[in-house]
Participant: 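Quick one: this structure, given as structure tokens, is what I'll be asking you about.
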There are 2 protein chains.
Amino acid sequence: MLSKSAEYALRATIYIALKGSEDNKLGIDEIATAIDSPQSFTAKILQLLTKNNNVVSSVRGPNGGFYLTDAARKLPVRAVLEAVGENGVLTKCVLGLKECSETRPCPMHEQYRTIKAQLRQMFEKTTIHDLAEETRKGKIVINNRLVKKK
Amino acid sequence: MLSKSAEYALRATIYIALKGSEDNKLGIDEIATAIDSPQSFTAKILQLLTKNNNVVSSVRGPNGGFYLTDAARKLPVRAVLEAVGENGVLTKCVLGLKECSETRPCPMHEQYRTIKAQLRQMFEKTTIHDLAEETRKGKIVINNRLVKKK
DNA sequence: TAAAATAAGGATAAAAATATCCTTATTTAG
DNA sequence: CTAAATAAGGATATTTTTATCCTTATTTTA
Ligand code: FES
Ligand code: FES
């Protein structure tokens with residue numbers, strides 16, 4: 001469904017939203033460990049997220065690291081996907097035709113339309129904040145281990 | 001959403017259902033041209049479809065080619081996806097966690113659940129026959145050109 | 001101001017997906 | 001029985017995605 005890049009981007013962003021703040025910036029090693037992702041690769045992805053859509057903010061040097069602004073927390077999930085170049089799910093044809101349109105639909109278009117609409121809904125109406133809250137509240141998890149209650 | 005392999009697999013299968021029959025088998029060159037796909041690669045995929053799930057049937061030699069049995073036409077779309085090793089959309093976690101489960105959900109699980117259910121519905125309830133019929137009836141298209149009415 | 005900490009960025013590397021090409025096996029028609 | 005047609009299958013190539021490593025720039029603190 002999503003690329004590894006997009007998956008790591010989402011998990012990292014959620015984690016940063018959850019644990020970081022302007023005066024508690026998180027280092028790449030902590031983040032990658034927390035979300036079970038390859039560190040250097042995750043660093044690249046965080047670079048994308050800081051460059052595109054201002055999803056993530058970063059500061060170098062001692063006590064530097066990554067955090068989210070309040071504005072960033074209000075961004076929809078889609079902003080994260082866009083930042084890593086993965087918004088195709090919402091626009092592309094399931095059968096891989098060059099165009100997905102009502103006027104030249106493929107045989108799955110009709111059925112896929114409502115699913116695509118729901119995906120769009122999910123990616124546009126849900127904010128980073130929502131996902132972080134969801135995670136904070138429940139027995140929710142963003143890595144492959146059990147979540148540790150603090 | 002789907003891999004190229006899966007996209008070609010679906011388009012090819014639909015085309016074969018539409019134009020082929022036991023006594024009008026279709027050659028790989030016709031199929032690949034018709035669905036705008038790379039010929040040799042499509043050949044590989046058809047090999048998978050003949051080996052797995054009996055989605056496609058084939059005969060070598062003069063007047064050989066590919067066709068679908070009546071049984072194959074009744075197969076759900078999912079059988080095609082499975083045959084090319086692409087049924088992960090229905091089982092995997094959107095955020096890429098190793099497990100997708102109710103007991104250890106990720107922060108998107110709740111919202112994604114209903115979408116996944118609809119995807120499953122779509123892939124399991126829709127048959128190859130349905131897609132071919134859909135294509136036969138309307139201004140429906142499985143390549144990147146306009147469909148030619150015969 | 002020097003040293004340490006940290007992200008940014010560039011250069012590769014490894015793996016997976018996609019694609020092509022060539023040879024082999026099978027089947028049919030003549 | 002032979003030749004031609006056609007899919008099967010193996011080997012290889014190309015491209016894209018994923019991943020690692022090393023150097024550079026920035027920032028903070030001592
Ligand atoms: S044309 Fe294929 S999904 Fe819209
Ligand atoms: S656990 Fe992530 S979608 Fe189910």
Side-chain angles (χ1 to χ4, degrees), chain A residues 1-13 15-16 20 22-33 35-52 54-68 81 83-86 88-89 92 96, chain B residues 1-13 16 20 22-33 35-52 54-68 81 83-86 88-89 92 95-96:
Chain A
M1 169 67 105
L2 299 177
S3 64
K4 285 288 170 199
S5 295
E7 293 170 355
Y8 299 151
L10 287 170
R11 303 222 300 267
T13 304
Y15 182 77
I16 297 169
E22 184 145 13
D23 41 46
N24 181 32
K25 310 193 191 76
L26 308 178
I28 181 59
D29 46 351
E30 171 180 354
I31 297 166
T33 301
I35 67 171
D36 275 338
S37 68
Q39 181 170 120
S40 302
F41 190 53
T42 307
K44 293 288 184 209
I45 290 164
L46 287 176
Q47 279 180 43
L48 288 175
L49 293 172
T50 56
K51 275 201 299 205
N52 306 130
N54 295 308
V55 178
V56 170
S57 306
S58 71
V59 174
R60 298 197 249 197
N63 295 313
F66 299 93
Y67 66 98
L68 298 192
L81 299 181
V84 297
E86 181 92 358
V89 214
K92 293 207 283 217
Chain B
M1 168 66 103
L2 299 178
S3 64
K4 286 288 169 200
S5 295
E7 292 171 355
Y8 299 151
L10 286 170
R11 306 223 297 268
T13 304
I16 297 169
E22 182 144 15
D23 42 45
N24 180 32
K25 310 194 191 74
L26 308 178
I28 182 60
D29 46 351
E30 170 179 356
I31 297 167
T33 301
I35 67 171
D36 275 338
S37 68
Q39 181 170 119
S40 301
F41 190 53
T42 308
K44 293 288 185 208
I45 289 163
L46 287 176
Q47 280 180 44
L48 288 175
L49 293 172
T50 56
K51 276 200 298 201
N52 306 130
N54 296 307
V55 177
V56 170
S57 305
S58 71
V59 175
R60 299 196 249 197
N63 296 311
F66 300 92
Y67 66 99
L68 297 194
L81 300 181
V84 298
E86 181 93 358
V89 213
K92 293 206 282 215
L95 297 193

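Per chain, numbering begins at 1; letters A, B, ... match sequence-line order.
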Participant: Take the protein atom CG of B:L26 and the nucleotide atom P of D:dA5, then report the distance between them rounded to whole Å.
Facilitator: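 Value for this atom pair: 18 Å.
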Participant: Rounded off to whole Å, could you give me the CG-to-P distance for the A:N52 and C:dG9 pair?
Facilitator: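 Atom-to-atom, A:N52 to C:dG9, this comes out as 11 Å.
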Participant: Tell me yes or no: between the side chains of A:S37 and A:T42, is some donor less than 3.5 Å from an acceptor?
Facilitator: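 Short answer, yes.
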Participant: Hey, could you give me the CZ/CD1 distance between A:F66 and A:I28, rounded to the nearest 0.5 Å?
Facilitator: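 If I round to the nearest 0.5 Å, the distance is 5.0 Å.
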Participant: Just call it for A:L46: base, sugar-phosphate, or nothing, with non-hydrogen atoms closer than 4.0 Å on any strand.
Facilitator: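 Since no nucleic acid heavy atom lies under 4.0 Å of A:L46, the category is nothing.
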Participant: Look up atom CG in B:L46 and atom CG in B:L26, then write down how far apart they are to the nearest 0.5 Å.
Facilitator: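 If we round to the nearest 0.5 Å, B:L46:CG and B:L26:CG are 10.0 Å apart.
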Participant: Ignoring backbone atoms, establish whether B:T50 has a side-chain N or O less than 4.0 Å from OP1 or OP2 of D:dA7.
Facilitator: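 False: B:T50 side-chain N/O out of range (4.0 Å or more) of D:dA7 OP1/OP2.
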Participant: Ignoring hydrogens and geometry, is there a side-chain-to-backbone donor-acceptor pair from B:E86 to B:S5 under 3.5 Å?
Facilitator: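 No; judged by distance alone, with no hydrogens or angles, the pair does not exist.
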Participant: Consider the side chain of B:Q47, meaning its heavy atoms from C-beta on, and name the nucleotide among D:dA4, D:dA8, C:dG9 that approaches it most closely.
Facilitator: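 Nearest nucleotide to the side chain: D:dA8.
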Participant: Send over the distance from A:D29 CG to C:dA5 P, rounded to a whole Å.
Facilitator: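 Rounded to the whole Å, the gap is 12 Å.
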Participant: Report the distance from atom CG of A:L48 to atom C1' of C:dG10, rounded to the nearest whole Å.
Facilitator: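 The answer, rounded to whole Å, is 14 Å.
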Participant: Within the 4.0 Å limit for protein heavy atoms, which parts of nucleotides 11-18 of chain D are touched? Write it as a string from 5' to 3', B for base, S for sugar-phosphate only, - for none.
Facilitator: B------B
Participant: Dump every N/O contact between nucleotides 23-25 of chain D and the protein below 3.5 Å, one line per pair.
Facilitator:
| unit_1 | atom_1 | unit_2 | atom_2 | d |
| --- | --- | --- | --- | --- |
| D:dA25 | N3 | A:R60 | NH1 | 3.4 |

Participant: Would you say B:N63 places a side-chain N or O within less than 4.0 Å of OP1 or OP2 belonging to D:dT6?
Facilitator: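 Indeed not, no polar side-chain atom of B:N63 lies that close.
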Participant: For D:dA8, take OP1 and OP2 only and decide whether either is under 4.0 Å from a side-chain N or O of B:S58.
Facilitator: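 Affirmative; the distance criterion is met.
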Participant: Calculate the interatomic distance between B:F66 atom CZ and D:dA5 atom C1'; express it in whole Å.
Facilitator: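 Computing the B:F66:CZ to D:dA5:C1' distance gives 13 Å.
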Participant: Could you say whether A:S40 or B:K51 is positioned toward the 5' end of DNA chain D, judged by the nucleotide with the nearest heavy atom to each?
Facilitator: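 Final value for this comparison: B:K51.
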Participant: Rounded to the nearest 0.5 Å, how far does CD of B:Q47 lie from CG of B:N52?
Facilitator: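 Going from CG on B:N52 over to CD on B:Q47, the span is 11.0 Å.
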Participant: Using whole Å, report how far NZ of B:K25 lies from P of C:dT26.
Facilitator: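 So the NZ-P distance, B:K25 to C:dT26, works out to 17 Å.
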Participant: Find the distance between CG (A:L68) and NZ (A:K25) and round it off to the nearest 0.5 Å.
Facilitator: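 Separation between the atoms: 12.5 Å.
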Participant: Expressed in angstrom and rounded to an integer, what is the separation of B:E86 atom CD from C:dA16 atom P?
Facilitator: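 Going from B:E86 (CD) to C:dA16 (P), I get 15 Å.
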Participant: Specify the separation, in whole Å, of atom CD1 of B:I31 and atom P of D:dA8.
Facilitator: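 My rounded result for the distance is 10 Å.
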Participant: Working to the nearest 0.5 angstrom, can you tell me the gap between A:T33 OG1 and A:Y15 OH?
Facilitator: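 The OH atom of A:Y15 is 8.5 Å from OG1 of A:T33, to the nearest 0.5 Å.
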Participant: List the steps, then state whether side-chain contact (heavy atoms from CB on, under 4.5 Å) holds for A:L81 with A:L10.
Facilitator: CA-CA 8 Å; A:L81 299 181; A:L10 287 170; 4.0 Å; yes
Participant: Find the distance between NZ (A:K51) and CG (A:L49) and round it off to the nearest 0.5 Å.
Facilitator: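 Between A:K51 NZ and A:L49 CG, I get 11.0 Å after rounding to 0.5 Å.
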